[in-house]
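Remember, predicted model here, so these are calculated numbers, not experimental data.
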Amino acid sequence: MTEQTTPLVEMKNISISFGGIHAVENASVDLFPGEVVALLGHNGAGKSTLIKILSGAYRRDEGEILINGEPADIRNPRDAKKYGIETIYQTLAVADNVDAAANLYLGRELRTKWGTLDDVAMEASTREVMGRLNPNFRRFKEPVKALSGGQRQSVAIARAILFDARILIMDEPTAALGPQETAQVGDLIKQLKREGIGIFLISHDIHDVFDLADRVFVMKNGKVVGHARTGDVTKDEVLGMIILGKVPPGASPGPGAMKMA
Amino acid sequence: MADTAHSTTNSTTSGGTGQADGNLVARFFRATEIDTRLLGMIGALLIIWVGFHIMTGGLFLTPRNLWFLSVQTASVAVMATGMVLVIVTRNIDLSVGSILGFTGMIMGVLQAQFLPQVLGFNHPATWAIALAGGLIVGGLIGAFQGAIIAFLNVPSFIVTLGGLLVWRGATWYVTSGQTVAPMDANFRLMGGGADGSIGATWSWIVGILACLAIVAAIINGRRQRKRFHFPRRPIWAEYVLAALGCIIVLGVVSIANDYYWPINIARRYAEANSIPWPESGLFISHGIAVPVLIAIAAGIVMTFIATRLRFGRYVFAIGGNPEAAELAGIKTRWVTVKIFALMGILCAIAAAISTARLNAATNAQGELDELYTIAAAVIGGTSLSGGVGTIAGAMLGALLMQSLQSGMVLLGIDTPFQRIVVGAVLVLAVWLDTVYRAKAK
């Protein structure tokens with residue numbers, strides 16, 4: 001089902017540097033509709049930086065981004081949202097002091113015909129979305145601060161779903177969660193995938209994402225080591241890519257691949 | 001409205017209200033959803049009032065003193081409503097006292113020197129033009145400071161510390177330090193006094209309208225919750241809230257109406273209107289003072305902005321997590337500019353009240369008001385670490401500070417000791433709040 005000619009997202013030859021250090025150098029990744037692509041690498045490998053360029057948090061120095069084959073001009077998070085790109089950040093980017101509904105609609109509040117906030121309508125649809133996502137969720141009136149890590153994560157994911165994201169970026173989506181909540185997020189990802197949403201999973205832990213992903217991209221020192229279908233490689237081979245930059249036969253090498261003697 | 005659906009439809013969506021555990025007091029607070037923190041403040045205020053009443057031998061809780069207390073609170077209370085938004089976004093505004101001084105001086109010069117030359121003396125539009133001029137200048141100053149904070153990334157503490165000096169200096173410069181007086185007769189109504197109060201009849205009308213608004217708000221809230229099948233308060237709690245609100249409003253009105261015009265003013269009024277002077281004296285009620293109405297209106301408008309508008313939602317979201325707000329696509333810089341512009345406008349309103357009350361614009365007007373305003377907001381529960389605060393709390397904080405000062409004046413305590421007490425109370429209040437918040441977690 002992912003064999004479509006134009007990818008949903010194509011990031012080509014992206015480079016960005018901070019104060020002379022190349023955080024990302026000549027990196028290319030792509031994502032098809034209904035596909036889950038894992039972006040793996042050590043802390044500091046540049047995977048978060050690369051994806052923040054897609055979500056508009058950083059601006060690239062070089063390279064181009066194509067959405068559905070068309071060049072996309074992404075300068076800030078607002079631009080990214082226009083292209084249907086939603087991001088769930090590692091740092092759980094929620095406003096702690098307001099409730100779940102306020103977070104779900106932050107930046108895109110529903111309003112009544114008088115221009116005031118339509119809190120009841122927002123709470124109603126929040127209850128609906130959260131009911132689908134996390135039926136145990138009950139604490140609608142409390143500030144998000146009072147919630148557990150998993151509940152906060154589900155608020156963040158609900159936020160993305162609510163806005164019909166076509167491209168979902170999840171940065172360490174399960175890092176703050178317990179095993180049960182991790183399984184829940186896994187089910188959720190499969191459901192989103194069936195709806196044709198393209199998902200980037202970013203992780204430094206291969207075990208978190210290997211079973212969920214259709215393909216993996218591995219980054220090291222700001223460069224793409226290579227990419228592979230998860231069916232064509234083993235976890236150990238991917239680990240070899242992450243640690244040594246060694247590209248196994250089942251994978252296609254990138255600019256960061258270890259030069260074989 | 002009778003509520004029959006309550007027990008049947010929302011048992012599945014119950015989100016915490018209406019469980020029957022806990023003792024009676026806890027159940028009462030949960031059912032009525034009254035903010036216990038605000039209630040604590042009201043309690044503290046009542047303790048202070050009763051304490052002063054006893055210590056002054058019955059001078060504090062008189063209609064006269066309470067009426068003056070309300071008028072004296074108005075100016076700082078207006079500014080405190082804006083300071084809440086400033087502090088919620090993790091900023092501070094040290095320049096409000098100086099902006100008050102400068103906009104007051106602008107309004108003074110407009111109505112006492114400039115407009116009489118153009119329109120002639122006592123022109124009916126003088127007050128409105130002067131006020132509008134002050135509001136525009138206040139808004140522009142605020143927006144200017146906000147723009148420096150937001151777009152040039154200079155900390156608000158520094159920008160407004162600079163503003164404290166700049167606008168105080170500018171106040172001085174406008175008239176080379178001279179006091180401008182007197183103010184326009186219509187403008188003076190904003191300062192209170194016998195003329196600047198709305199009298200018994202209008203006070204009752206305002207009071208009754210307020211009661212109707214309270215009842216309407218409760219009914220509307222209930223309807224909305226019903227429409228979406230949310231848990232509702234038990235019906236008795238709604239009645240208690242409505243009754244409590246109406247009793248407070250009507251109580252305030254009757255106190256304001258119990259303060260009569262001073263005998264000289266009443267006598268002059270009787271002569272001017274050729275009313276025969278009765279043996280027992282002529283009792284004309286002050287009613288609610290205009291500055292108090294302005295402050296209440298400011299409080300209502302600011303509460304509306306903070307809780308019902310998108311702008312207010314953004315203010316709190318930025319205060320809670322500036323990065324998340326930015327990532328959610330909120331134009332955080334513009335929100336900052338708007339907050340400071342709003343603060344500037346509120347300073348001008350406060351300036352109108354205090355120049356009208358003093359019947360003069362002086363270059364010392366509003367000195368130290370920045371500290372009282374910040375103190376009022378902080379005592380009122382606004383957290384300096386951002387994200388938390390209510391307009392009503394800040395206004396209560398202003399009332400509490402003013403109560404302390406008035407009480408100490410009645411007790412004949414010297415100015416230096418007044419400041420010592422006010423400073424100590426500020427620290428004590430914030431410490432108590434910290435303890436409360438730690439426990440609430």
Side-chain angles (χ1 to χ4, degrees), chain A residues 52 55-57 76-82 86-89 91-112 114-128 131 137-146 152 155-156 159-160 163 169, chain B residues 10 12-17 19 30 33 88-90 220-232 303-335 382-383 385-390 437 440-441:
Chain A
K52 275 188 175 169
S55 65
N76 55 47
R78 276 186 297 282
D79 290 343
K81 280 165 209 295
K82 270 184 236 151
E86 286 287 338
T87 313
I88 294 159
Y89 288 95
T91 46
L92 293 177
V94 290
D96 271 347
N97 55 330
V98 293
D99 62 17
N103 267 296
L104 253 61
Y105 279 96
L106 194 58
R108 282 169 288 201
E109 286 76 5
L110 297 181
R111 289 189 286 179
T112 62
W114 297 289
T116 59
L117 292 174
D118 198 345
D119 277 327
V120 267
M122 287 193 273
E123 193 182 330
S125 70
T126 301
R127 282 172 187 267
E128 192 193 302
F137 193 87
R138 283 274 178 277
R139 302 164 83 177
F140 290 98
K141 285 285 180 198
E142 281 166 84
V144 173
K145 202 186 320 193
R152 279 147 58 108
V155 169
R159 186 184 146 74
F163 292 106
I169 300 166
Chain B
N10 59 30
T12 49
T13 53
S14 174
T17 50
Q19 286 118 340
R30 196 174 320 125
E33 295 172 14
V88 160
T89 51
R90 308 184 185 187
N220 182 48
R222 200 169 173 80
R223 241 182 228 154
Q224 289 280 359
R225 287 186 185 205
K226 198 173 195 167
R227 184 154 75 96
F228 289 97
H229 304 292
F230 292 169
R232 272 155 285 163
T303 303
F304 179 79
I305 289 174
T307 59
R308 305 301 320 147
L309 292 187
R310 200 149 70 162
F311 170 73
R313 175 63 49 84
Y314 290 173
V315 167
F316 280 86
I318 292 170
N321 189 343
E323 207 196 355
E326 180 77 44
L327 291 171
I330 296 171
K331 294 176 177 167
T332 54
R333 290 161 192 262
W334 280 111
V335 173
T382 310
S383 162
S385 52
V388 182
T390 61
R437 279 182 213 278
K441 260 181 190 170

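- For the set A:Lys81, A:Glu86, A:Arg78, the entry with the most heavy-atom pairs within less than 4.5 Å of chain B is A:Arg78.
- Atom CZ of A:Arg111 and atom CZ of B:Arg313 lie 12.0 Å apart (nearest 0.5 Å).
- Here A:Asp118 contributes atom CG and B:Arg310 contributes atom CZ; the two are 12.5 Å apart, rounded to the nearest 0.5 Å.
- With respect to chain B, the highest number of heavy-atom pairs below 4.5 Å among A:Ala121, A:Ser55, A:Ala146 belongs to A:Ala121.
- If you measure heavy-atom distances from B:Phe311 to chain A, you find no contacts under 4.5 Å at all.
- Checking side-chain atoms of B:Asn321 against main-chain N and O of A:Val94 turns up a donor-acceptor pair under 3.5 Å.
- Residues A:Asn97 and B:Phe316 come closest through the heavy atom pair ND2-O, 2.9 Å.
- Residue contact with chain B, scored on non-hydrogen atoms closer than 4.5 Å, involves the side chain of A:Val98 exclusively.
- Inter-residue side-chain proximity for A:Thr116 and B:Leu309 is flagged as met; some heavy-atom pair is nearer than 4.5 Å.
- Heavy atoms of A:Asp79 lying under 4.5 Å from chain B are absent altogether.
- Taking every heavy atom of both residues into account, A:Arg159 and B:Ala328 meet most closely at NH2-CB, 3.5 Å.
- Contacts of B:Tyr314 with chain A are made by side-chain atoms alone, with heavy-atom separations under 4.5 Å and no backbone atom involved.
- Nearest heavy atom pair, residue B:Ala324 against residue A:Ala95, reads CB-N, 4.2 Å.
- Most heavy-atom pairs under 4.5 Å with chain B, from the set A:Asn76, A:Thr112, A:Leu117: that is A:Leu117.
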